[in-house]
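Both counts, for ligands and for their atoms, begin at 1 and track the order of listing. Every heavy atom of this structure was used, including side-chain atoms; hydrogens, water molecules and symmetry mates were not. Residue numbers count from 1 along this sequence.
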Amino acid sequence: MKKYVTHPKCIAIGECGLDYFRLPEDEKEKEEELAIQKDIFIKQIEFAKEVKKPLIVHVRNASNDSKKILLDYNAGDVGGVLHCFNADEQLLTLAKHNFYFGIGGVLTFKNARKLIQVFPKIPKEKIIIETDGPYLTPHPHRGKRNEPFYTTLVASKISELLEISVEEVEEFTTKNAKTLFKEFSNIN
Ligand SMILES: [Zn+2]
C-alpha cells in the first residue's frame, strides 16, 4: 500500500473507521468483529501518520469508540474529515484535533432535525461539503442517483441556516477543503 499511498495524487487515507450498524447477533462473533474493526482502524491511523496523509473517517453507530481511538492514537497529528457527520455532539470536540465535518445531502432532508440542530455548533472553519454519491441525494432529488453538482443544494441549505450568502458558503467550504487536502497534495 505504501507505494501507492505516497504518490502525490493520493491525498488521504480512507475511508476507514468503525461501523456498528450491522453486527452479528451471536455475542462471541460480535466481540470478534468489534475487535477486528478496532484493530484495523488503529492500524490505518498509524499508517496515515506514517505517510503523513489525513484520514477520511466513517462513523456509524460507533461514536464512543471512534472518538476514543482517534484521540488515544493521536489521529489529530494528521487530522482528517468525519465524512457524513452523524450529528453526534460528542464528536464536535474533534474540531480541536484537526478534524473537519463532512456535510452532505442529509442536511436538506425533511427529517434531518438532529443535524440541523447540531450544525451551527460546528466551527465554520471546519465545515466541508461532500456528496457521498451515489447516495444521500439532497432534497428535492432524494432517491435519485447523487451527483457532485447537487452539492449546490447543500450549500444553499447551509447559507439558509447560517444566514449568510451562498457565495460566502462556497468560499469558506472550498478554502477548508483546500486547507485540509492541499498541503498533502499537488492539486491546486
Ligand atoms: Zn462511509
Passing candidate, side-chain contact (heavy atoms from CB on, under 4.5 Å) with K28, options E31, E32, K30: E32

side-chain contact (heavy atoms from CB on, under 4.5 Å) partner of I128, chosen from N176, I103, T173: N176

The Zn ion (ligand 1): protein N, O or S atoms that are less than 2.8 Å away, sorted by chain: E15 OE2, H58 ND1, H83 NE2

N-O pairing of E125 and K175 below 4.0 Å: no

Check: D19 main-chain N/O paired with Q37 side-chain donor or acceptor under 3.5 Å: yes

Close side-chain approach of Y135 and N146, heavy atoms under 4.5 Å: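 When only atoms from C-beta onward are counted, N146 and Y135 do not touch, as no gap falls below 4.5 Å.
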
I13 CD1 to K52 NZ distance, which is reported to the nearest 0.5 Å: 12.5 Å

